[in-house]
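Step one of this worksheet: look at the structure below.
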2 protein chains.
Amino acid sequence: MPKGIIENSENYQPGLSIDCVIFGFHDNQLKVLLIKTPYEEKWSLPGGFVPLEQDIDTAAITVLNDRTGMEGIFLRQFSTFGRVKRNDKHFNDLVLEYYKIPKEAGKWFAQRFVTIGYYALVDFLKAIPHKENSKEKIEWIDHKEVPELILDHKEILDKALATLRIELNLMPIGYNLLPEKFTMPELQKLYETILDKKLDRRNFLRKITNIGILTKLDEKKSNVAHKAPNLYSFDKDRYEEVLKNGLNQGW
Amino acid sequence: MPKGIIENSENYQPGLSIDCVIFGFHDNQLKVLLIKTPYEEKWSLPGGFVPLEQDIDTAAITVLNDRTGMEGIFLRQFSTFGRVKRNDKHFNDLVLEYYKIPKEAGKWFAQRFVTIGYYALVDFLKAIPHKENSKEKIEWIDHKEVPELILDHKEILDKALATLRIELNLMPIGYNLLPEKFTMPELQKLYETILDKKLDRRNFLRKITNIGILTKLDEKKSNVAHKAPNLYSFDKDRYEEVLKNGLNQGW
DNA sequence: ATTACATTGCGTCATAATAACACAGTTAAT
DNA sequence: ATTAACTGTGTTATTATGACGCAATGTAAT
């Protein structure tokens, strides 16, 4: 709940919210940043409202920045959710009481909300989960162990992941999810984790290098069991170019 | 302007609209259904507002149905547009006067609007453009000859077409754009028109038949110059199946 | 009727992309 | 020294794609 919105709801776009599915990658797990609601045993996606004088994309960037401290991140709008009854039971007395929202102001929150979904890919190690208040819990949670979420947030999360899986074929990823220097097995694990399936190591290498966005470094990973794998980095210029023009042409 | 909204704006989601990019195909042209605004020399996408008791998808179906008389059509949400100033100059005195909107009610229309974009593919011959009032003009216009549009509708239209081109690689199309029986050159022209590029006739046949959604009929097109081409129809079951599962797997 | 022409139907061939797999090199643990 | 687990660099078979060739069919011109 952003500061000041209760008293100044007239400065926000009515009935419209932003919800962000923030993906990170760690320990070969695809993580999602979730917030524990302080008033019940459910979790939620980090979200926010849209100030009247802010573009929706800017509002999404604000949510992401507030929650992770990160800027200049890959952030993409993927869908808008607007079932009539998606939030009709949400701002009930329990929640209003928790936030100490006066009955009159509560009407604003109880109105029907349509929410715009964005998903982000961020570097797990650089993104520090940031609480809005002391009673809140915000955590990286393995996407396979997502607890019960409020509203239709599970549906939003699932759609984000489905979109990401499709867009994996249309654009390169990894730049915001891996450290600057990374190994081929790490990159492959990222793909495998997102897609939830095994890929052939040798075919993966060929396909990913053919895209032409990787620079093979003259350096090997140190302190590692078994044979030390080579390190790679992204060629930022080519990466951006491919991001813009897309991968698969198809027809 | 839907009937009754001026007096009953409190029954609609504030600051939220739907805009539909309705594509049809005729004379080897990709057509878009556009509405001439009665108050100035610009055109607009068919759009509408979201009743409080309607899902956004339903509201989009309503817009499409009201404008084309068609139901059960391919309709897809592709993006939401929410720049702050996208409509700040739109509901000016000229427009308010035209619609005879009282100053007080006019505030509702002048507020900041976020719009959800849907695109539809419909059978040009079955979709009959339907006016809302006698002063309105609604027409199929070649997408290459789109006149000046109001607001950011050009941007919305462009994005719809870009999305359609991408989704062409992910799903089959044609079911809603061609008559029940059609020839291979007709189907190819559809693809060429959407993509705005020539495809090789023989390679197209191979690729499209390999998808397994076509039934080759024991019938040739009649009354046609040159050699009569064979007729095909879609195998609806397989078509739906491919629509659901997608075409290109990629990774 | 004959011929020219545009278009269709059904091929081929070379190349590129993909899937499946073989084998040797490196390192840590035993 | 041997083994297990992994990396690096291949090969081969299959499939998909891009670029064409050519005969068959029907219209239109002569």
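So that the names make sense, note that chain A is the first sequence line, chain B the second, and so on, each numbered from 1.
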Can you tell me if [X] touches the phosphate of [N], counting only side-chain N or O atoms and a distance under 4.0 Å to OP1 or OP2?
| X | N | answer |
| --- | --- | --- |
| A:K189 | D:dC6 | no |
| B:K207 | D:dA16 | no |
| A:K216 | D:dT9 | yes |

### Message
Categorize A:K221 for me: base, sugar-phosphate, or nothing, with a 4.0 angstrom heavy-atom threshold over every strand shown.
### Response
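Answer is nothing: A:K221 stays at 4.0 Å or more from every strand.
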
What is the distance from [atom1] of [X] to [atom2] of [N], rounded to the nearest Å?
| X | N | atom1 | atom2 | result |
| --- | --- | --- | --- | --- |
| A:N210 | D:dT9 | CG | P | 14 Å |
| A:L247 | C:dA16 | CG | C1' | 16 Å |
| B:L205 | D:dA19 | CG | C1' | 16 Å |
| B:L231 | C:dT7 | CG | P | 18 Å |
| B:M184 | C:dG11 | CE | C1' | 16 Å |
| B:F182 | C:dT8 | CZ | P | 15 Å |
| A:E219 | D:dG8 | CD | C1' | 18 Å |
| B:F204 | D:dA16 | CZ | P | 17 Å |

### Task
May I ask you to test the A:W251-B:N169 pair for a side-chain heavy-atom distance under 4.5 Å?
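Contact flag for A:W251/B:N169 side chains = yes.
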
### Query
Do the side chains of B:N176 and B:V122 get nearer than 4.5 Å, heavy atoms only?
no

### Query
Quick one: does B:R206 reach the base of C:dG11 with a side-chain donor-acceptor pair under 3.5 Å?
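Looking at the base of C:dG11, it does not pair with any donor or acceptor on the side chain of B:R206 (distance under 3.5 Å).
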
### Distance-only polar pair, side chains of B:D19 and B:T115, donor-acceptor under 3.5 Å
yes

### Message
Judged by each residue's nearest nucleotide on DNA chain C, which is more toward the 5′ side, A:N248 or B:T183?
### Response
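In this pair, the answer is B:T183.
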
## Note on the structure
Of B:N230 and B:W251, the one whose closest nucleotide on DNA chain C sits nearer the 5' end is B:N230

### Task
Determine the interplanar angle of the A:F182 and A:Y232 rings, folded into 0 to 90°, and report it as parallel if under 30°, tilted if 30 to 60°, perpendicular if over 60°.
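Parallel.
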
### Task
Would you mind building the protein contact string for nucleotides 20-28 of chain D? One character per nucleotide, 5' to 3', B for base within reach (heavy atoms under 4.0 Å), S for sugar-phosphate only, - for untouched.
BB--BBBS-

### Task
Verify the ring-centre separation between B:F204 and B:Y191: is it less than 6.0 angstrom?
yes

### Query
Under 3.5 Å, is there a donor-acceptor pair between the side chain of A:E186 and the main chain of A:T183?
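Checking the backbone N and O of A:T183 against the side chain of A:E186, a donor-acceptor pair under 3.5 Å is found.
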
### Task
Output yes when A:R67 and A:E132 qualify as a salt bridge under the 4.0 Å nitrogen-oxygen rule, no when they do not.
yes

